[in-house]
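The structure presented is a predicted model; accordingly, all values stated were derived computationally and were not measured. Throughout, residue positions are numbered sequentially from 1 according to the sequence presented.
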Amino acid sequence: MAENPQKENKMFLAVFLTFVQIVSGTSYLCSRIGDHGALRDADTNSIPHKGKRTNRTYMLTDNQLIRLIFGFKVRHLRQQHELSYQQLSKLTGLSTSYLNDIEKGKRYPKPDKINALAEALNVDYNYMVSLNASKRLQPIIDLLSSHFFKLFPLHEFGISLEKLIELFSQTPDRINAFISTIFKIARNYQVNEETFYLEALRSFQDMHDNHFPKLEMATQEFKQEYSIQGILPYTTAFLEDQLEELYGISINRGALAQNKTTQAIRSYLSPESKTLYLQDDLSSAQENFLIARELGFQFLDLQERPYETTIVKIETFEKLLNNYKASHFAAALLMDERSLVEDLKVIARMSSWDPLALVDMIDKYNVTPEMLLQRLTNILPQHFGIENLFFIRLTQDAETGSYSMTKDLHLSQLHSPYNNELDEHYCHRWVSITTILELAESDEDVIVDAQISSYWDTDKDYLCISMAKRSHKNPALGVSVTLGMLINTDLKSSFNFVRDPKLKVRTVSTTCERCGVVDCESRQASPSILDQEAKEDSILQALSELP
C-alpha cells in the first residue's frame with residue numbers, strides 16, 4: 001500500500017468513484033476483457049518484450065466475483081447474528097479456516113454446505129447463491145457484480161479487494177448511503193467513465209510521485225539489448241530504422257492527411273499491415289516522440305493499448321495506463337534521466353532566471369515544450385526533492401478567445417490552479433496566459449517566461465515556468481504549458497534563481513469569479529461567487545441580530 005495516508009485516501013477515492021460511475025448506468029462498458037499482456041506494475045520485476053507474454057492474470061473472472069459476493073454475504077450475516085467463526089463452525093460443521101476462506105472469496109462451498117450455512121444464518125438457499133440481497137446490501141452487491149472488477153487493475157494502486165470487502169461489511173448502511181450519493185452526482189452532472197479513468201491515472205501518478213524506476217530502467221535495457229548508442233538527440237531516421245528493423249513496422253506519412261475524418265489523428269498503428277501512419281505536417285520532435293512511443297509499446301509488450309493518437313475512446317483504464325507507460329518510455333528514451341539531471345543541476349546553480357536555458361534544452365533533446373516540462377515532473381521529485389508541483393496545459397479557444405485547461409497533473413496535493421468545468425474565467429494574471437498573449441505579438445516560435453504567483457487569500461506562492469507556442473491545428477491560436485512548484489525550503493535550497501529579485505511577482509487567483517483582488521487590470525468577469533457568499537453571510541448576520 002501507499003506509504004502516505006493522504007495519497008492512499010486520494011487513490012481509494014479515485015478508484016471508488018470510478019467503479020461507482022461504471023455501475024451508475026450513465027455509460028456501458030464491455031463485460032469482459034480477458035487475459036492481457038504484461039503490465040510493468042510495482043510488483044513485476046521483469047520487463048516483458050519482444051512478443052513474450054506473461055502468465056499473470058490481472059482481471060477478475062466471473063467465478064472469482066461470484067465467490068467474493070457469496071463470501072461477502074456470509075461475512076455480513078455472521079456479523080449480523082453476532083456469531084464468531086467458532087460459533088458458526090459448531091452450527092454448520094465447517095472448520096473455522098474453511099469459513100475464513102469462504103468469506104475471503106477463496107472457496108465456494110458445495111450445495112450441502114451452502115444449505116448448512118443458510119440454515120445457521122436463518123436465510124434460504126436461493127438467497128445465498130443469487131446475486132440479489134437485502135435492501136441494505138444490494139447496492140454493494142451491485143458494485144461487486146459490476147464490470148468494474150473485471151476492468152480495473154486494483155493491484156496497480158496497491159488496493160486489496162479483500163480489504164474493500166472488509167470495509168463494505170463493517171458499515172454497509174454508511175457505504176450504501178455514500179454509494180447512493182455518488183450515483184446521484186454522477187447522473188446529475190453526466191460524468192462519464194473516461195473522466196474517472198483520467199482522474200484515476202493522475203492519482204496513480206501522484207501516488208508514485210510520477211517517477212517509475214522500472215520504466216526508466218526499461219529504456220536503459222532497451223538501449224543495451226539493441227546496442228543503441230550515440231549522442232542525443234536521436235534523429236527521426238534512426239528511430240524509424242529501429243522500429244522497422246526490430247519490429248518490422250514501417251512508416252506511412254501520407255495516408256492520414258488524405259481523409260478529412262482522420263486529419264485530427266496524429267498517428268495510427270495498423271497491427272495487420274504493421275504500418276505506423278503519421279500525419280505529414282508533424283515536426284521532427286513530434287515524430288520522434290510518436291515513433292519512440294511505438295517502440296515502447298512493442299518493447300514492453302503492452303497488449304491492451306490504443307492504436308491512435310490521441311485516444312478516440314477510452315474503454316478501459318488498462319488502455320489509458322498502458323498508453324501512459326509507453327509515453328513515459330518514449331520521454332525517457334528521448335531525454336535520458338541521467339543527462340537531464342545533470343542539465344538541471346547546472347540551471348539550479350544559476351543565481352538568476354535565464355529562459356534561454358530551457359530553450360537550449362528543447363534544442364538539445366529535440367523535444368516540444370510540453371514534452372520537456374512533463375518530463376521534469378518525472379525528475380524533480382526523485383532527484384531534487386521537489387514533490388509539491390503541478391503541470392497544466394492551456395489552450396486558446398478559436399471563437400471566444402477564452403482558455404481551456406486541457407491537461408493538468410498535481411503531485412502531493414491539489415494545488416491552487418486547477419481545472420474548472422463551470423465556465424468560469426481563469427485568472428489572466430497567470431503566466432500561462434500572459435505567455436500566450438505575448439506570443440500573439442511576437443514572431444518567436446516559443447515564448448518562455450517565469451513568475452512567482454502569490455495566490456490571493458492563501459499563504460501559497462508558486463514558481464511558475466511557462467512555455468507558449470502556436471497551436472498545431474490553428475497557428476493563429478496559442479497553447480501554453482506551465483510547470484508550477486510550491487515555494488518552500490526544498491525549492492529554495494534546490495534552485496538558487498528562486499531568490500532572483502528580477503523575477504516577476506504577481507498576486508493571482510484561480511478564476512475571476514472567485515477573486516477578491518481590487519482594481520485588477522486583467523479581470524474578465526465580476527467576482528460573482530464571492531458576491532453570493534457575501535450575500536449569504538449578510539443574511540445569516542441579519543438573522544443572528546433579530547431580537
Would you mind writing out the side-chain donor-acceptor pairs for residues 341-349 within the sub-3.5 Å range, not counting sequence neighbours?
from, atom 1, to, atom 2, distance (Å)
D343, OD1, K364, NZ, 3.1
D343, OD2, K364, NZ, 3.0
D343, OD2, Y365, OH, 2.4

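- Here the side chain of Q229 pairs no donor or acceptor atom with the backbone of S227 at under 3.5 angstrom.
- Shown here is D445, whose CG atom has no more than 12 heavy atoms of other residues, nucleotides or ligands within 6.0 Å.
- Using cut-offs of 30° and 60° for the angle between ring planes, the H328 and Y324 rings count as perpendicular.
- Although no hydrogens or angles enter the test, the distance criterion places a donor-acceptor pair under 3.5 Å between the side chain of E513 and the main chain of H425.
- Ring geometry for F497 against W353 counts as tilted: the plane angle lies between 30° and 60°, on a 0 to 90° scale.
- Aromatic ring centres of F495 and F384: separated by under 6.0 Å.
- For the residue pair Q413 / N388, a side-chain donor-acceptor distance below 3.5 Å is found, with atom types taken as modelled.
- Ion pairing of K325 with E304 is absent here, as no side-chain N (NZ or NE/NH1/NH2) approaches a carboxylate O to less than 4.0 Å.
- For the pair L340 and L376, the minimum side-chain heavy-atom distance is below 4.5 Å.
- Partners of K469 under the salt bridge (Lys or Arg N to Asp or Glu O under 4.0 Å) rule, at least two apart in sequence or in another chain, do not exist in this structure.
- In this structure T377 satisfies the side-chain contact (heavy atoms from CB on, under 4.5 Å) test together with N210, L389, F391, L409, L483, sequence neighbours excluded.
- Ring-plane geometry between Y462 and Y455 is classed as perpendicular, the angle between the planes exceeding 60 degrees on a 0 to 90 degree scale with a lower cut at 30.
- Of the N and O atoms on the side chains of T434 and R506, not one donor lies less than 3.5 Å from an acceptor on the other residue.
- Defined by atom type and a distance below 3.5 Å, a donor-acceptor pair is present between the side-chain atoms of Q451 and S453.
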